[in-house]
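Note sheet for the following structure.
As a basis for the values below, the full set of heavy atoms in this structure was taken, side chains included, without hydrogen atoms, waters or symmetry mates.
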Amino acid sequence: ARGAPAGAAPRGRPPPPPRSGARGELVGSAGEAGGLWEVEVPLVGLEGVGGVLGAAYPRLARHRVLVVGCTEGLVAFDFLPLDPLDPATIGALLQGRGVPGEVRERRLKGKQLPGSLAVRRIGGIHRPTLALRRARAFNVGFDPDLKLFGHDCEVYVRELSEHLLAEDRF
(Lines give C-alpha, C1' and ligand atoms only; values in the text may rest on other atoms or scores of the structure.)
Protein backbone atom coordinates (compact mmCIF):
# COMPACT_ATOMS: atom_id res chain seq x y z
CA ALA A 1 0.00 0.00 0.00
CA ARG A 2 1.20 3.50 -0.80
CA GLY A 3 2.73 5.24 2.20
CA ALA A 4 2.89 2.00 4.20
CA PRO A 5 6.19 0.98 5.80
CA ALA A 6 8.39 -1.40 3.80
CA GLY A 7 7.35 -5.02 4.33
CA ALA A 8 3.88 -4.04 5.57
CA ALA A 9 0.95 -6.08 4.35
CA PRO A 10 -1.77 -4.45 2.26
CA ARG A 11 -4.88 -3.46 4.21
CA GLY A 12 -7.02 -6.42 5.21
CA ARG A 13 -4.25 -8.99 4.85
CA PRO A 14 -2.09 -10.48 7.59
CA PRO A 15 1.60 -9.51 7.62
CA PRO A 16 3.94 -11.89 5.76
CA PRO A 17 5.59 -14.62 7.85
CA PRO A 18 9.26 -14.18 8.81
CA ARG A 19 11.78 -15.45 6.26
CA SER A 20 13.49 -18.79 6.89
CA GLY A 21 16.38 -18.51 9.28
CA ALA A 22 15.30 -15.18 10.73
CA ARG A 23 16.40 -14.53 14.28
CA GLY A 24 13.62 -15.37 16.73
CA GLU A 25 11.54 -16.79 13.89
CA LEU A 26 8.39 -18.64 14.70
CA VAL A 27 9.06 -22.34 14.41
CA GLY A 28 6.99 -23.50 11.49
CA SER A 29 3.69 -22.02 10.50
CA ALA A 30 2.03 -21.66 13.88
CA GLY A 31 4.17 -24.54 15.18
CA GLU A 32 2.18 -27.22 13.41
CA ALA A 33 2.35 -30.81 14.61
CA GLY A 34 4.57 -32.94 12.44
CA GLY A 35 7.32 -30.41 11.80
CA LEU A 36 11.03 -30.90 12.52
CA TRP A 37 13.33 -27.89 12.88
CA GLU A 38 17.04 -27.52 13.58
CA VAL A 39 17.55 -24.44 15.70
CA GLU A 40 20.94 -22.87 16.40
CA VAL A 41 21.43 -21.07 19.71
CA PRO A 42 24.51 -19.71 21.49
CA LEU A 43 26.50 -22.17 23.59
CA VAL A 44 25.57 -22.34 27.27
CA GLY A 45 27.27 -19.44 29.03
CA LEU A 46 27.55 -17.37 25.86
CA GLU A 47 23.91 -16.36 25.49
CA GLY A 48 24.75 -12.68 26.07
CA VAL A 49 27.29 -12.73 23.25
CA GLY A 50 24.72 -14.34 20.96
CA GLY A 51 22.25 -11.57 21.79
CA VAL A 52 24.79 -8.93 20.79
CA LEU A 53 26.25 -10.58 17.68
CA GLY A 54 23.08 -12.19 16.31
CA ALA A 55 23.74 -13.77 12.89
CA ALA A 56 27.43 -12.81 13.16
CA TYR A 57 27.83 -15.25 16.08
CA PRO A 58 30.42 -17.87 14.91
CA ARG A 59 28.87 -21.04 13.45
CA LEU A 60 31.38 -23.32 15.22
CA ALA A 61 30.26 -21.93 18.58
CA ARG A 62 26.55 -22.61 18.02
CA HIS A 63 24.58 -25.25 19.87
CA ARG A 64 22.11 -27.32 17.82
CA VAL A 65 18.63 -28.16 19.08
CA LEU A 66 15.95 -30.27 17.40
CA VAL A 67 12.43 -28.94 17.80
CA VAL A 68 9.70 -31.52 17.18
CA GLY A 69 6.11 -30.55 16.52
CA CYS A 70 4.08 -33.29 18.15
CA THR A 71 0.49 -33.49 19.36
CA GLU A 72 1.71 -32.41 22.81
CA GLY A 73 3.06 -29.15 21.35
CA LEU A 74 6.59 -28.09 20.46
CA VAL A 75 9.31 -30.05 22.24
CA ALA A 76 13.02 -29.21 22.09
CA PHE A 77 15.65 -31.95 22.31
CA ASP A 78 19.37 -31.35 22.70
CA PHE A 79 22.61 -32.96 23.85
CA LEU A 80 25.21 -31.15 25.94
CA PRO A 81 27.81 -31.77 28.67
CA LEU A 82 26.50 -32.44 32.16
CA ASP A 83 28.48 -29.45 33.43
CA PRO A 84 29.12 -27.23 30.40
CA LEU A 85 30.58 -24.31 32.38
CA ASP A 86 33.11 -26.35 34.37
CA PRO A 87 36.68 -25.45 33.27
CA ALA A 88 37.62 -29.16 33.42
CA THR A 89 34.81 -29.95 30.95
CA ILE A 90 35.91 -27.19 28.58
CA GLY A 91 39.55 -28.31 28.82
CA ALA A 92 38.72 -31.95 28.15
CA LEU A 93 36.60 -31.07 25.11
CA LEU A 94 39.27 -28.80 23.66
CA GLN A 95 41.82 -31.62 24.05
CA GLY A 96 39.57 -34.00 22.13
CA ARG A 97 38.54 -36.08 25.13
CA GLY A 98 35.02 -37.16 25.91
CA VAL A 99 32.97 -35.83 28.81
CA PRO A 100 29.71 -37.04 30.36
CA GLY A 101 26.77 -35.62 28.45
CA GLU A 102 23.03 -35.56 28.80
CA VAL A 103 20.05 -35.43 26.50
CA ARG A 104 17.51 -32.80 27.46
CA GLU A 105 13.83 -32.62 26.60
CA ARG A 106 12.02 -29.33 27.09
CA ARG A 107 8.48 -28.37 26.21
CA LEU A 108 8.48 -24.93 24.62
CA LYS A 109 6.22 -22.15 25.79
CA GLY A 110 5.03 -20.43 22.67
CA LYS A 111 6.27 -21.13 19.18
CA GLN A 112 9.95 -20.27 19.23
CA LEU A 113 13.17 -21.20 20.99
CA PRO A 114 14.39 -18.13 22.89
CA GLY A 115 17.71 -16.73 21.69
CA SER A 116 17.65 -18.59 18.39
CA LEU A 117 20.26 -17.48 15.85
CA ALA A 118 18.98 -19.55 12.93
CA VAL A 119 16.04 -21.86 12.23
CA ARG A 120 15.94 -24.44 9.47
CA ARG A 121 13.01 -26.72 8.73
CA ILE A 122 14.34 -30.26 8.28
CA GLY A 123 11.13 -31.94 7.22
CA GLY A 124 7.86 -33.27 8.44
CA ILE A 125 6.59 -36.45 9.98
CA HIS A 126 3.24 -37.94 9.07
CA ARG A 127 2.41 -39.39 12.47
CA PRO A 128 3.12 -36.67 15.06
CA THR A 129 1.16 -38.63 17.68
CA LEU A 130 4.12 -41.03 17.91
CA ALA A 131 6.93 -38.45 17.66
CA LEU A 132 7.49 -37.90 21.37
CA ARG A 133 7.51 -41.63 22.16
CA ARG A 134 9.94 -42.34 19.29
CA ALA A 135 12.28 -39.52 20.33
CA ARG A 136 12.33 -40.78 23.93
CA ALA A 137 13.06 -44.34 22.76
CA PHE A 138 15.96 -43.03 20.65
CA ASN A 139 17.32 -41.06 23.60
CA VAL A 140 17.43 -44.14 25.85
CA GLY A 141 19.94 -45.76 23.51
CA PHE A 142 21.98 -42.64 22.69
CA ASP A 143 25.61 -42.80 23.94
CA PRO A 144 26.03 -40.06 26.59
CA ASP A 145 29.82 -39.70 26.02
CA LEU A 146 30.13 -36.27 24.37
CA LYS A 147 33.09 -35.40 22.11
CA LEU A 148 33.42 -32.30 19.99
CA PHE A 149 33.27 -32.85 16.23
CA GLY A 150 32.45 -36.53 16.56
CA HIS A 151 29.63 -37.12 19.02
CA ASP A 152 28.17 -33.75 19.86
CA CYS A 153 24.95 -31.74 19.57
CA GLU A 154 25.21 -31.59 15.77
CA VAL A 155 25.51 -35.38 15.49
CA TYR A 156 22.67 -35.81 17.98
CA VAL A 157 20.29 -33.56 16.03
CA ARG A 158 21.15 -35.25 12.73
CA GLU A 159 20.72 -38.79 14.11
CA LEU A 160 17.50 -38.05 16.00
CA SER A 161 15.94 -36.32 12.98
CA GLU A 162 16.98 -39.22 10.71
CA HIS A 163 15.47 -41.66 13.22
CA LEU A 164 12.17 -39.78 13.38
CA LEU A 165 11.94 -39.42 9.62
CA ALA A 166 12.90 -43.06 8.94
CA GLU A 167 10.54 -44.48 11.54
CA ASP A 168 7.73 -42.41 10.08
CA ARG A 169 8.01 -44.16 6.71
CA PHE A 170 6.83 -47.51 8.08
Side-chain angles (χ1 to χ4, degrees), residues 17-47 50 55 57 59-86 89-90 92-93 97-170:
R19 291 187 318 231
S20 179
R23 191 165 171 221
E25 175 182 350
L26 294 178
V27 176
S29 58
E32 79 269 10
L36 292 177
W37 298 269
E38 179 181 298
V39 181
E40 296 178 357
V41 297
L43 290 174
V44 173
L46 298 178
E47 294 89 353
Y57 186 89
R59 291 191 65 75
L60 284 175
R62 294 181 182 194
H63 179 63
R64 302 321 193 270
V65 179
L66 184 68
V67 175
V68 179
C70 45
T71 53
E72 295 84 351
L74 293 174
V75 180
F77 293 94
D78 65 347
F79 178 57
L80 71 164
L82 278 174
D83 195 356
L85 299 177
D86 182 2
T89 298
I90 296 166
L93 289 171
R97 296 187 319 221
V99 298
E102 68 175 333
V103 172
R104 296 188 306 181
E105 174 185 325
R106 297 171 286 151
R107 194 170 307 254
L108 297 182
K109 296 176 185 166
K111 294 178 176 59
Q112 68 183 41
L113 194 62
S116 60
L117 299 167
V119 177
R120 181 175 66 93
R121 184 176 170 91
I122 295 174
I125 48 180
H126 296 96
R127 292 182 274 180
T129 54
L130 302 175
L132 194 55
R133 186 171 62 189
R134 287 184 181 146
R136 288 175 176 159
F138 174 85
N139 290 340
V140 168
F142 191 75
D143 179 7
D145 186 44
L146 189 146
K147 289 184 181 176
L148 285 182
F149 310 114
H151 192 71
D152 56 13
C153 61
E154 196 168 343
V155 170
Y156 171 76
V157 165
R158 184 181 66 244
E159 290 183 5
L160 176 56
S161 61
E162 287 172 356
H163 174 78
L164 291 172
L165 290 169
E167 288 287 318
D168 195 54
R169 292 186 193 115
F170 300 104

Practice problem: Mind listing the closest non-hydrogen atom pair of Ala131 and Cys70 along with its distance? | Solution: CB-CB, 4.0 Å
Practice problem: For residues Leu80 and Pro84, report the shortest heavy-atom separation together with the two atoms involved. | Solution: CD1-CG, 4.2 Å
Quiz item: Got a donor-acceptor contact below 3.5 angstrom from the Arg64 side chain to the Arg62 backbone?
Solution: yes
Quiz item: Any idea which heavy atoms bring Ala92 and Val99 closest together, and the distance?
Solution: CB-CG1, 3.6 Å
Quiz item: Quick one: does Ser116's side chain have a donor or acceptor within less than 3.5 Å of a partner on Val39's backbone?
Solution: no
Exercise. Look up atom OG in Ser161 and atom CG in Leu36, then write down how far apart they are to the nearest 0.5 Å.
Key: 6.5 Å
Practice problem: Show the numbers, then the answer: is there a side chain to side chain contact (heavy atoms under 4.5 Å, CB included) between Ile122 and Arg120? | Solution: CA-CA 6 Å; Ile122 295 174; Arg120 181 175 66 93; 4.2 Å; yes
Quiz prompt | ring pair (Phe, Tyr, Trp, His ring centres under 6.0 Å) partner of His163, chosen from Phe77, Phe138, Phe142 | solution = Phe138
Quiz item: When you look at Val44 and Leu85, which way does the side chain to side chain contact (heavy atoms under 4.5 Å, CB included) test go after all the steps?
Solution: CA-CA 7 Å; Val44 173; Leu85 299 177; 4.2 Å; yes
Donor-acceptor pairs under 3.5 angstrom involving side-chain atoms of residues 143-151: please list them, not counting sequence neighbours.
unit_1, atom_1, unit_2, atom_2, d
Asp143, OD1, Asp145, N, 3.0
His151, NE2, Asp143, O, 2.7

Self-check item: Heavy-atom closest contact (Pro42 atom, Gly50 atom, distance)
Solution: CG-CA, 3.7 Å
Quiz item: Looking at NE2 of His63 and CG of Leu117, how far apart are the two atoms once the value is rounded to the nearest 0.5 Å?
Solution: 11.5 Å
Quiz item: Would you call the rings of Phe79 and Tyr156 parallel, tilted or perpendicular, where under 30° means parallel and over 60° means perpendicular?
Solution: tilted
Exercise. Check whether any side-chain N or O of Asp152 sits under 3.5 Å from a backbone N or O of Val155 as a donor-acceptor pair, and report yes or no.
Key: yes
Exercise. Could you check Leu66, Val65, Leu160 and say which one makes a side-chain contact (heavy atoms from CB on, under 4.5 Å) with Asp78?
Key: Val65
Quiz item: Is there a side chain to side chain contact (heavy atoms under 4.5 Å, CB included) between Val75 and Leu108 once you walk through the steps?
Solution: CA-CA 6 Å; Val75 180; Leu108 297 182; over 6 Å; no
Practice problem: Output yes when a side-chain donor or acceptor of Glu47 lies under 3.5 Å from a complementary backbone atom of Gly45, and no otherwise. | Solution: yes
Self-check item: Ala137: partners by side chain to side chain contact (heavy atoms under 4.5 Å, CB included), with sequence neighbours left out
Solution: none
